[in-house]
Every structure is written in C-alpha cells, then in structure tokens.
Amino acid sequence: MTEIIKVRQKLIDALRQAAGQAQETGKLPQVPLPEVSVERPQNPEHGDYATSLPLKLARATGLRPLDIAGSIAELITPGPEVASITVAPPGFINFTFKDDWLSQQVDSILSPDETYGNIDLGHHRRVQIEFVSVNPTGPLHVGHGRGAILGSTLANVMTAAGFDVETEYYINDSGSQIDAFSRSLFARYQQSLGVNAEMPAEGYFGSYMVALARDIVAEQGDTFLKLPAPEAVSRIGQLGLSKMTDQIRQDLKLLGVSFDVWFSEKSLYEQGQFKKVMALLQQGGYLAEKESATWFVSTALGEDKDNVVLRGDGSATYFATDIAYHYNKFIERKFDRVINIWGADHQGHVSRMKAVVGALGVDPEQLKIIISQMVTLRRGGELVRISKRSGDIITLREVVDEVGADACRFFFLSRSADSQMDFDLELAKKESQDNPVYYVQYAHARIASILRLAQGKKLSFGDGDVSLLASEPELALVRKMLLLPEIVETIVHTMEPHHLAHYAQDLATVFHSFYKQCRVVSRDNEPLSKARLKLVAAAKLVLSRTLRLMGMSAPETM
RNA sequence: GCGCCUAUAGCUCAGCGGACAGAGCAUCGGUCUUCGGAACCGAGGGUCGUGGGUUCGAAUCCCUCUAGGCGCGCCA
C-alpha cells in the first residue's frame, strides 16, 4: 500500500489510542468517540495533517476544546515520520512530518516496485463505466466530448485505484430514431442519384447526411435502387449506421478515448434477454396493463409516476430496453459496480433507473449515475447550434482539430461536471498562450530538459543522497508530490475527476517555484546536484502520471 | 406546477462542516550574465445571490425567495 496512506492511518490509530487512554486515565469523560479522522490543512503553517477531534468532543464532554486537545496530544506516541504534534486554537491537533522522512519519499516515489499514484482501494472489484453512448445517427459535438473525457478519466483513475474497469459504449442501433435515420439516408441517397425523393418529416437534415449518401453512392453505386424499398431502407440504414459508428470511434480516438466494449442494443433482442427480463418483472409484480399498454409500476417503488415499457402495438420503449440492458450489466455480466455518465437532459431518468435496478434485486447503490451539465458552444460570444436534427453543427472533431486534444481535455477536466459551461472557440484559441495546459506540460518538458543536460554531462544520479534535500522549496515540492495518491482516493469517493486538473496545476506551480530558487545541476556541488536530479526526476514522474491519468500527453520537449 | 443542477474577486472557476475564503486570466508593480521567460515574486480586488434556521463553528447542512440552465411523451 502507498506509504502516505499508511502513515495517515497510523496517525488516525495513534489518535484513537490516545483518546482512549485519556478516557481510561480520567482526563477525558467516557463519552462515545466520533469517527477519528485527519485532514490536510489548507494552510501549510498548520502542518501536514490536522484533526478537529477535540472540537467534536467539546460538546459531549463539556470541556474546553483546547484542553481536550492538550490532553490527547500529550498521550500520542508519534511514529518516526512525525516531527511535531502541536495544539492550536480553537482546538486542533496538528502533525508535521520530519524533513528527512519527507526527503526519503523521493526514493520511494522513484522505486520501480510500484507505480506511484496507484492505491489499493478497489481490490479488483469489477466496475463498468458506460459513457458517450450517443445514437449513431450523427457526428459527436462538444457536449458529448465532455462526457467522453469525464468517463475516460474516471476509468483511468479507478484503474489506478485497483478496480478492474471495463469501459463501454452502448450503441442504440434499433428503435424509431434509427428508422428515421435510415429513411433519411435512403432519401438522400436517391437524391444523390437524381431520383426525386422526399425527406421524412422527422428526418435528419444535417448536411453530413448528404455527404454520407454521396459516400455510399461512390462505394456502392445504385445497388440500393434495385431493391424493394423497405429492404433498401433497412440495408442502407445498417450501412450508414456502421459508417457513422466508425466515425464516432475515430473522433473519440482523436480525443484519446477508447472503449473495451461496443455494446449493441439490438443484441438484447436477438439473444432473448429482453423477453427474459420482462417475464422477470412480471413475476415480481412490477408490470401492469392499462390504457392498452404495459407499464412498469414505478409508483410502487416511490416514484412520481409509472412508465410505459410496452406500447399498445407491443413494441418496446427506450426505457424498457434500458431495463434489459441493466439486467445484462448486473445479473448477466455480474459487475460489482456500474457507472453511467449521462447528459443533463437525461437527468429525469435517474431515479426510475435506480428503482428498476432495485426491482431486479440489485442494491441501487451499486449503480452510480453521473450527470454532466450542458455545454454551449460559442464562437466569439456568438451561440453555435449543436442540434443534430436540423441544419449544420460544429462537430467535436472540428473543435479538437482547432484547439487540440490536450487543451480540450484539460479544459473540460478543470470544471466540475455539475456546472454548465460555455466553450468559446475564439477564447480557447486566444488563451492558448497563457493556458494552464501548457503551463503544466511546460513544467514536464522543463524537467526533461534538465535531465537531458545531466545526461549530456554524464552525471548519473542513481546514488544521489536525498537527505541533502532540506530546503523549503525542495520540501514543498515533495509535499505536493505526496498528495497524488490521496487525489486518486478522493476521486474514487466523489467521482469528480476535476480535482486532478487542479492538482496538476498546483504541482506545476510548486515545481516552477522550486526551479527558480534552486539550481539543479551545478558544477561546484555534485552531491547536491545528484540529490536534486533525483527530486526532479521524481517530480517528472508524478507530473507525467497526473497528465496520463487525465489522458493527456507529457511532452519531453515543446 | 413538480424534479435536478448552478449562483463565491472585473472574468473563468476551485473550496462543499472547521483555523485569516483560494487559483488562473485581467489590472498594477517588481525579478533574468548560469539548468527552456510558455517562468518567478509581490499588490490591489470578495456583505461566498437573498432572508431565516441547525451547530461550539456554515461558502459548505436544512427551509424561503430571486435569477439562469436542463428535464417532466406509448422520442431516444
């Protein structure tokens, strides 16, 4: 297990023990102890860890928090890594690490035995993260990009935390929208061959459909004209769908997003799973017939209203297939945890989906649904439409081409999924000079350059003595590096990868500051040079690990 | 009408029960004969949307109101 997590646990244990001892010796009344925890104070003067346990005990014991803090603090037996334990008003106990323990961590970070930043939290529990899952009826836009980046980063982080992660894209390849897509495509195809055909009223009018039709004409000629219309529609639809899916796959790849599984909605029917699940719900008494349709009685599970699963004509609703899909995830494929990332427009489905999962006999807590708020695209303050149905859209691909995948990822990751955002193309490009993305990557490239210099001077630093690292800028850098495992931990608990982006920036800042104050390679002090080279190599490792978790590149030069 | 998200420095956003509310950009002022100036240091700038409540302690939890966004189909 990661050193810092171990040390933190030791602190908590020591605190609990000291508090217990204080109660045994009568210094503290025998009240039930609250959960003992330590946190990282935001002010470095307050040490490396702090606890507010005395403040929490004040009410129950009727004692002054500061007195409680004093009683507990003097009973703590500190480990070898702790330099001081101090009591601070209004009732905190602060812990500060020893300088030499801190500097030793450089060696530990560089240790090839484990990948720094990985923690042992998942114990190989199986987690599925499903995201993007956009209907393959049109190209992706920026809003989809947000979900894609969120999901892929979460997957990286959870993998680092020891979970067995599987990423999945759910392809909606059946249903009425696919039908509309197929008919639209066939109409465009006919038009492209000079046949007078009308677009369906609910069709897809984007110009990409015209391009797609032309593409098919170029490849297949007029073969579809020779088929009976229903068959032609169906076959050209399938072809268009697979082309569209390929395009989506490629666009995502450009953003550094890939999936382990591309799951077909249609397969739920083909393999009979859909029928099986409906029978199951029927047995459980969750289905009811009314108004000539079949309903899932969500109200029985505390929902506002019931939802239709089978229409009057016997066809399944989107909701119904989603039930089958989640049955497949939890029961057939046996995932311990399922994470779905949905856009804000799907937020109304969250509670009923959880209700369904409960009806299937699965603890709803095992299903986590993350809602990412809307992204509006602007160009110089002017709103750009991103609707797929009508007119033209700015695709995700165009945005990535324009601002770059790394900048795109960082931009999305620096904001919490809960807040909606404007993506201004002009601004994104204009700001690229003073962009935090380059600030962080520059720190990495700078270190790479230092290491190249050392290599050029044949200065090997494997035997560097880290105990020479004792100045404030050096230790500040080490302290910041030690935070990564806890960042990973936090993200697993909160499902909020944006902490990573802020951490990356902090880490780069501390490095740049160190760099300004401390000369790394100097000819008059070889031992210190070697020690600092080690420090800087460790910083490079942590920086690059952080960038990679975000799905970004860590450039050697730029 | 109901549900969810949001409101924090001029702008974009962190912080989500603890110690004087932070960062980037912008503004103003400094730092370079040595490892990459896409850098560093400093200053100004905030009644944390409003009004209540809970708590030893609230930007953080609960309620009211205001403003913005998204939902509330036998579309997906």
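To find a chain, count down the sequence lines: A is the first, B the second, and so on, and within it residues start at 1. All values below come from the heavy atoms of this structure, side chains included, with hydrogens, waters and symmetry mates left out. Computed from a predicted structure; not experimentally measured.
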Tell me what A/A58 touches on the nucleic acid: a base, only sugar-phosphate, or nothing, going by heavy atoms under 4.0 Å. nothing
Between A/K56 and A/E35, is there a salt bridge with N-O shorter than 4.0 Å? no
For a side chain to side chain donor-acceptor pair (under 3.5 Å) check, start with the C-alpha distance between A/S242 and A/Q238, then their side-chain angles and the critical distance, and finish with the verdict. CA-CA 6 Å; A/S242 92; A/Q238 285 310 309; over 6 Å; no
Under 4.0 Å, counting only non-hydrogen atoms across every strand here, what does A/A501 touch: a base, just sugar-phosphate, or nothing? nothing
With both distances under 3.5 angstrom, what nucleotide forms a Watson-Crick or G-U wobble pair with B/U47? none
Under the 3.5 Å rule, do the base of B/A76 and the side chain of A/H349 count as making a donor-acceptor pair? yes
Pairing partner (Watson-Crick or G-U wobble, both distances under 3.5 angstrom) of B/A58: none
Touch check for A/D524, heavy atoms < 4.0 angstrom, all strands: base, sugar-phosphate only, or nothing? nothing
Nearest whole Å is fine: how far is B/U34 P from A/L459 CG? 20 Å
Return the orientation label for the A/H512 and A/Y442 ring planes: parallel under 30°, perpendicular over 60°, tilted otherwise. parallel
Does A/H141 have its ring centroid less than 6.0 Å away from the ring centroid of A/H144? yes
Using a cut-off of 4.0 Å on non-hydrogen atoms, how would the nucleic acid contact of A/S52 be classed: base, sugar-phosphate, or nothing? base
Nearest-Å distance, CD (A/E496) to P (B/C5)? 12 Å
Between the side-chain atoms of A/D506 and the base atoms of B/A14, is any donor-acceptor pair under 3.5 Å? no
Give a yes or no on this: more than 12 heavy atoms of other residues, nucleotides or ligands lie within 6.0 Å of atom CD of A/Q455. no
What integer distance in Å separates A/N94:CG from B/G18:P? 14 Å
Can you find a donor-acceptor pair, distance only, under 3.5 Å between A/Q347 side chain and B/C70 base? no
Under 4.0 Å, counting only non-hydrogen atoms across every strand here, what does A/S449 touch: a base, just sugar-phosphate, or nothing? base
Identity of whatever pairs with B/C35 - Watson-Crick or G-U, under 3.5 angstrom: none
Sugar-phosphate only, base, or nothing, as touched by A/G312 at under 4.0 Å among non-hydrogen atoms: base
Could you tell me whether A/Y439 contacts a base, only the sugar-phosphate backbone, or nothing, with contacts defined as non-hydrogen atoms closer than 4.0 Å? sugar-phosphate
Need one value for A/H346: base, sugar-phosphate or nothing, where a base atom within 4.0 Å counts as base even if backbone is also close, heavy atoms only. base
Centres of the A/F412 and A/F423 rings: under 6.0 Å? yes
Taking any strand in view, what nucleotide pairs with B/G73 in a Watson-Crick or G-U wobble way, both distances under 3.5 Å? none
Rounded to whole Å, please give me the gap between OH in A/Y442 and P in B/C35. 10 Å
Over how many whole Å does the gap from A/Y438 atom OH to B/A38 atom P extend? 14 Å
Can you tell me the base-pairing partner of B/G22? Count Watson-Crick or G-U wobble geometry only, both distances below 3.5 Å, and say none if there is no partner. B/C13
Please work out if A/E291 contacts a base, only the sugar-phosphate, or nothing of the nucleic acid, heavy-atom cut-off 4.0 Å. base
Counting any heavy atom closer than 4.0 Å, what does A/S414 reach on the DNA or RNA strands: base, sugar-phosphate only, or nothing? sugar-phosphate
Integer angstrom distance from the C1' of B/G73 to that of B/C63: 33 Å
Looking across every strand, which nucleic acid part, if any, lies under 4.0 Å from A/S416 by heavy atom: base, sugar-phosphate, or nothing? sugar-phosphate
Who does B/A67 pair with, Watson-Crick or G-U, both distances under 3.5 Å? B/U6
Under 4.0 angstrom, heavy atoms only, what part of the nucleic acid is A/P41 near: base, sugar-phosphate, or nothing? base
Evaluate whether atom CZ of A/R311 has more than 12 neighbouring non-hydrogen atoms of other residues, nucleotides or ligands under 6.0 angstrom away. yes
Determine the contact category for A/E45: base if any of its heavy atoms lies under 4.0 Å from a base atom, sugar-phosphate if only primed atoms, P, OP1 or OP2 are that close, otherwise nothing. nothing
Mind checking A/K56 for me? I need base, sugar-phosphate or nothing, with any heavy atom below 4.0 Å counting as a touch. base
